[in-house]
Amino acid sequence: MTDLEARVRSEVDRTRELVVETRRDLHRHPELSHEERRTAARVAQRAQELGFAVRTGLGGAGVVADLDGGRTGLTVMLRADMDALPVTERGSDRVAISEVEGVMHACGHDGHVAMALGAASALTALRGSWSGRLRLCFQPAEEVAEGAVPMIEAGAADGVDRVLGIHLWAPIEAGRVAVTAGTLFGSADSFRITVRGRGGHGGMPHTTIDPVVASAEVIMALQTIVSRETSPFSPAVVTIGRVTGGTAMNVIADSVELLGTVRALEQPERERLLRRVAEVAAAVASASGAEATFEHTAGCPPVISDAGVAGVVRRAAAATVGQDHVDVAHPITVGDDVACFLERSPGCYFLVGAGVPGKVMAPHHSADFDIDERCLTVGVETLVRATLELMGDSAN
Ligand SMILES: [Zn+2]
Ligand SMILES: [Zn+2]
């Protein structure tokens with residue numbers, strides 16, 4: 001074991017307690033997308049204590065913190081998302097439970113923030129071993145895919161050469177890491193379709209244009225975009241998650257609103273699906289005399305890791321948990337707007353197993369979601385090792 005090898009281990013070990021404590025603190029005080037004020041204040045304060053130059057309020061609650069090494073070199077960004085979900089936590093056998101009714105860290109973002117701060121702390125102690133600029137990026141509003149773009153517009157990604165980020169993943173057991181060169185998560189876009197008809201008396205439908213019936217036809221027709229127009233070898237999803245319209249059983253409404261989401265694993269597919277949703281909705285609605293307008297409300301491209309940086313992360317993970325505990329992750333049709341950062345600079349978003357070994361874990365976003373906290377040190381060490389390979393003196 002080289003000198004640096006031994007120091008990495010001991011610096012990561014030194015962060016363990018604070019990382020767990022930070023994760024539990026954030027878990028007790030979860031904040032919804034766009035409301036991450038307390039979390040942002042905590043991370044800003046912690047980064048300041050470590051000697052980082054901190055900028056706050058980037059694209060909402062976003063925080064960016066920079067620390068320069070001795071010599072010039074690459075700028076590497078460690079990105080962590082901060083928001084929680086509108087879920088009421090179930091179960092009392094937890095090391096930490098949400099103290100905010102109806103809000104819960106049910107996706108593990110509390111751990112993401114804690115791991116990034118832990119890595120920052122270890123890398124600060126190892127400052128003599130790397131060159132360039134280390135940038136921490138704490139992003140709000142990931143769950144609604146509205147956090148990355150405003151941060152980028154506010155300059156958070158300016159000058160960034162490489163991006164690293166972790167998603168804790170409960171279906172994989174703690175002690176394992178999964179890395180993919182290429183697509184990890186799909187695109188995630190949301191849209192609104194407004195179907196406009198002409199309201200009137202429920203007993204005299206022939207004098208109206210019924211947007212409820214037109215919407216029903218639109219919803220059914222949208223199902224054929226995946227089942228009839230998409231290759232069975234190309235995973236894709238079109239979901240209508242909310243339908244709103246009408247006021248009474250005997251009143252035909254003027255309009256109906258549909259909210260939905262589209263997922264794909266490749267950018268051309270993503271664009272095709274969005275285009276077809278708009279076209280099918282307009283055409284089917286017009287068949288009954290109604291009118292459908294399509295509005296793309298938010299979205300992010302697929303999460304794609306650069307092969308070179310994925311190789312760096314794979315080596316870092318193998319040094320952390322052993323080669324036989326590093327897997328290749330298969331693409332998953334969830335989204336993450338870390339994709340917007342990865343679109344600008346090569347990087348790697350990877351999965352760190354967070355499941356209790358041998359136990360079937362509750363899914364992400366569920367009220368029973370939980371993690372095995374042993375995953376946190378694995379994440380910190382992998383981040384530190386990957387950053388050192390990218391910024392270390394041997395890399396320049
Ligand atoms: Zn989530
Ligand atoms: Zn998440």
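Atoms within a ligand are numbered from 1 in the order they appear, just like the ligands themselves. For the single chain, residues carry numbers from 1 onward in sequence order. In this text the structure is predicted, and so the values were computed from the model without any measurement.
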Within the side chain of S305, is there an N or O that forms a donor-acceptor pair under 3.5 Å with the backbone of A310? no
Work out the angle at the Zn ion (ligand 1) between NE2 of H365 and OE2 of E143, rounded to 10°. 100°
Near the Zn ion (ligand 1), is there an N/O/S atom from C107 that is less than 2.8 Å away? yes
Is there a path of hydrophobic side-chain contacts, each under 4.5 Å between heavy atoms of I, L, V, M, F, W or Y residues, that connects F341 with F138? no
Between the side chains of E5 and R9, is the shortest nitrogen-to-carboxylate-oxygen separation below 4.0 Å, so that they form an ion pair? no
Could you label the plane-to-plane angle of the H167 and H112 rings as parallel, tilted or perpendicular, counting under 30° as parallel and over 60° as perpendicular? perpendicular
Would R38 and D25 pass as an ion pair if we require N to O under 4.0 Å? yes
Below 2.8 Å, can you find an N, O or S atom of E142 next to the Zn ion (ligand 1)? no
Of all N/O/S atoms in H109, which lies nearest to the Zn ion (ligand 2)? NE2
H167 atom (N/O/S) at minimal separation from the Zn ion (ligand 2): NE2
